[in-house]
2 protein chains.
Amino acid sequence: MTASSTTPYIVSTNRNTSDRLHIGGQPAGGGTNPFATPAGCCKDCMSRDYCVGSQLSALSDSQPLPLLRHNHTLGYREHLFREGDAPEAIYVLKSGAVKLYLMSEDGGEQVVSFYMPGEVLGLDALGTDAHRSSAMVLERACFCVIPLASLDRVPGCHQVLYKLLSMELVRDHHTIELITKKDAEAKMANFLVDLSQRFRTRGYSGSRFNLSMKRTEIGSYLGLAVETVSRILTRFQDEGLLQVQRRQICIVNFARLEKLAGYGALHWQAQNTAKTGSVSLF
Amino acid sequence: MTASSTTPYIVSTNRNTSDRLHIGGQPAGGGTNPFATPAGCCKDCMSRDYCVGSQLSALSDSQPLPLLRHNHTLGYREHLFREGDAPEAIYVLKSGAVKLYLMSEDGGEQVVSFYMPGEVLGLDALGTDAHRSSAMVLERACFCVIPLASLDRVPGCHQVLYKLLSMELVRDHHTIELITKKDAEAKMANFLVDLSQRFRTRGYSGSRFNLSMKRTEIGSYLGLAVETVSRILTRFQDEGLLQVQRRQICIVNFARLEKLAGYGALHWQAQNTAKTGSVSLF
DNA sequence: CGATAGGTTGACCGACATCAACCGACGTGG
DNA sequence: CCACGTCGGTTGATGTCGGTCAACCTATCG
């Protein structure tokens with residue numbers, strides 16, 4: 001290991017060390033904790049431009065969002081909430097990475113989605129009495145916590161929450177489509193393209209990043225066996241699409257990956273591979 | 001075919017005839033259109049007890065829900081809304097059946113979910129500027145239409161809407177689990193058990209009903225080929241689990257079907273088949 | 001009556017799960 | 001510091017579930 005021994009593309013990055021508060025790319029700020037929210041208000045927050053949560057407090061720009069507990073941090077494998085917990089707040093992920101998953105009675109877990117900085121967790125319990133899924137930290141994470149009780153006091157918050165909720169629904173629908181209609185290769189390509197784009201949006205490199213989840217979790221999310229995930233990753237590498245070393249990914253040929261993501265599916269989807277335009281299901 | 005020729009269990013039912021406003025089971029009322037909402041108010045609506053939409057106007061029980069256009073009806077294959085349409089309202093399905101689906105650029109369609117009377121459509125576009133999915137009528141349907149503009153005037157509606165939205169989210173998560181972790185048999189069993197329970201909730205028979213969707217649509221929803229759906233259905237019949245004739249289903253051994261639905265998955269889920277208690281993922 | 005759409009059935013085979021062995025990284029304790 | 005166990009990841013061999021192709025059946029409708 002120790003990076004860059006075999007592949008010059010990949011720069012060694014410190015993963016899972018305690019001081020690492022960001023995911024992927026370079027830390028965008030130099031300070032101690034660049035992701036600390038200034039005053040319980042998004043106005044001066046550096047994540048503001050891509051943070052979907054910031055739309056909430058954008059409403060109350062004049063005065064800071066009340067009752068916003070900020071800079072709540074959790075370490076690897078800690079839970080933000082678990083199935084059955086009573087909903088108390090919604091959480092804006094500021095840094096790190098989180099997975100949302102279901103637990104079947106037999107112990108098997110089903111990863112439902114991965115969350116990146118700027119995304120909002122806990123919405124799926126909004127009107128209910130209990131969380132129906134668990135959220136576990138994959139990479140030391142820092143949150144803005146907005147207690148449900150305080151939401152009422154944010155005028156106009158509903159529009160924003162509705163939007164976030166429906167965005168999540170739409171995302172899930174795409175996930176369903178991805179899982180049912182595409183073959184393993186397309187699933188992986190899609191997954192990587194999606195990650196890449198989300199990293200880029202956040203100001204990180206879209207071509208060099210590291211995965212915050214293990215193969216098992218990718219497999220669970222995409223409905224593939226670990227071995228398949230591994231194999232496809234190395235196949236992609238052999239074909240010159242990307243470089244991979246454990247969790248570190250370096251996308252070499254994004255266009256081709258994108259093409260694989262869009263078509264290359266279960267045969268009846270194929271046909272017009274001619275189309276070259278950007279596909280981008282997401 | 002012509003019903004009951006081979007299987008004594010199944011009673012011939014008139015499908016898709018113009019006067020048939022309900023799905024499955026027997027019509028619960030004798031009149032002309034038993035599903036006509038009385039006065040734009042849920043108070044006297046016969047679907048009230050199971051209608052999740054009724055929670056909305058329950059809030060404003062004293063005076064009827066304002067601006068509620070009711071008894072909007074659509075025929076087979078008509079669209080309630082399409083991908084790209086600007087959201088105008090939310091729709092409570094009063095009778096009939098609807099499918100929600102996505103269209104991939106290559107023309108393939110992905111069924112995302114099926115809706116039954118009492119369920120609410122259009123929530124996934126609430127905070128947004130366009131529908132991201134299409135809703136097509138599978139069986140002549142009748143809706144209560146609640147224009148988005150009028151929602152504000154219903155005090156306390158947000159709690160209800162949040163709840164509906166998160167319920168939908170949770171449902172989708174279960175769908176994802178179903179699709180990724182279970183084998184074809186378990187998927188079908190799950191699908192049927194789910195349908196059965198929803199019918200029962202609505203006062204119809206949970207053991208004898210007919211499907212409002214064709215095999216293709218079931219296949220798309222579950223991520224299976226049509227042929228597989230067909231084969232598994234006949235296998236279930238051969239094993240004495242149910243009787244099937246085209247769209248008509250009569251569940252004979254519900255317990256065993258339920259067991260298949262819960263476990264019987266991809267091997268690593270098996271193990272403790274000993275447990276006999278009710279499984280009910282849904 | 002023929003045309004068409006939905007559904008069933010059989011034969012075949014390929015993608016992917018499964019099983020098993022192995023490897024490197026990492027943490028712990030002697 | 002090394003031995004060792006554990007965990008995550010890779011790779012190969014093998015089996016099989018379910019997708020694909022093709023033919024056929026049945027109901028429905030003009």
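Proteins come first, then strands; the chains are lettered A, B, ... in the order of their sequence lines, and each starts at number 1.
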- [ ] Round to a whole Å and report the spacing from CG of B:Asp238 to C1' of C:dT9.
- [x] 12 Å
Task: Pair A:Tyr221 + A:Phe114: ring centers closer than 6.0 Å - done: yes
Task: Phosphate OP1/OP2 of C:dC16 contacted by A:Thr228 side-chain N/O (<4.0 Å) - done: no
Open item on the list: Expressed as a whole number of angstroms, how long is the span from B:Leu222:CG to D:dG19:C1'?
Closed with: 15 Å
TODO: Calculate the interatomic distance between A:Ile232 atom CD1 and D:dT10 atom P; express it in whole Å.
DONE: 12 Å
Task: Spatial distance of atom OG (B:Ser133) from atom NE2 (A:His173) [nearest 0.5 Å] - done: 6.0 Å
- [ ] To the nearest Å, give me how far apart CE (B:Met188) and P (C:dG7) are.
- [x] 12 Å
Output a table of nitrogen or oxygen pairs between the protein and nucleotides 3-6 of chain C separated by less than 3.5 Å.
| residue | atom | partner | partner atom | Å |
| --- | --- | --- | --- | --- |
| C:dG6 | OP1 | B:Lys214 | NZ | 2.5 |

Task: Nucleotide C:dG24, atom P - distance to CD of A:Gln245 in whole Å - done: 13 Å
Open item on the list: Output the rounded distance in Å from NZ (B:Lys181) to P (C:dA17).
Closed with: 13 Å
Task: Which nucleotide in D:dG18, C:dA17, D:dT11 has an atom nearest any side-chain atom of A:Leu224 - done: C:dA17
TODO: Could you pull out all residues at least two apart from A:Ser220 that satisfy side-chain hydrogen bond (donor to acceptor under 3.5 Å, both in side chains)?
DONE: none
Open item on the list: Can you tell me whether the side chain of B:Arg231 and the base of C:dG7 have a donor-acceptor pair closer than 3.5 Å?
Closed with: no
TODO: Check salt bridge (Lys or Arg N to Asp or Glu O under 4.0 Å) between B:Glu227 and all other residues, then give those that pass, not counting sequence neighbours.
DONE: none
Open item on the list: Once hydrogens and angles are ignored, does a donor-acceptor distance under 3.5 Å link the base of D:dC21 to the side chain of B:Glu227?
Closed with: yes
Open item on the list: Rounded at 0.5 Å granularity, tell me how far OG in A:Ser134 sits from CG in A:Leu102.
Closed with: 7.5 Å
Task: Rounded to 10 degrees, the angle between the two terminal axes of the helix from C:dC1-D:dG30 to C:dG30-D:dC1, each from five pairs - done: 30°
TODO: Kindly say whether, by distance alone, the side chain of A:Arg235 makes a donor-acceptor pair under 3.5 Å with the base of D:dT10?
DONE: no
Task: Residues forming a salt bridge (Lys or Arg N to Asp or Glu O under 4.0 Å) with B:Lys99, sequence neighbours excluded - done: B:Glu109, B:Glu217
- [ ] Starting at atom CD of A:Glu185, determine the distance to atom P of C:dC16, rounded to an integer number of angstrom.
- [x] 8 Å
TODO: Round to the nearest Å and state the distance from A:Met213 atom CE to D:dC7 atom C1'.
DONE: 18 Å
Task: B:Ser113 side, atom OG; B:Arg171 side, atom CZ - distance, nearest 0.5 Å - done: 5.5 Å
- [ ] With sequence neighbours left out, write down each residue that passes side-chain hydrogen bond (donor to acceptor under 3.5 Å, both in side chains) with A:Arg82, or none if nothing qualifies.
- [x] A:His79
TODO: For B:Gly219, report the nucleic acid contact type (base, sugar-phosphate, nothing); a contact means any heavy atom under 4.0 Å.
DONE: nothing
- [ ] Decide, yes or no, whether a salt bridge links A:Arg256 with A:Glu239 under the criterion of side-chain N to carboxylate O below 4.0 Å.
- [x] no
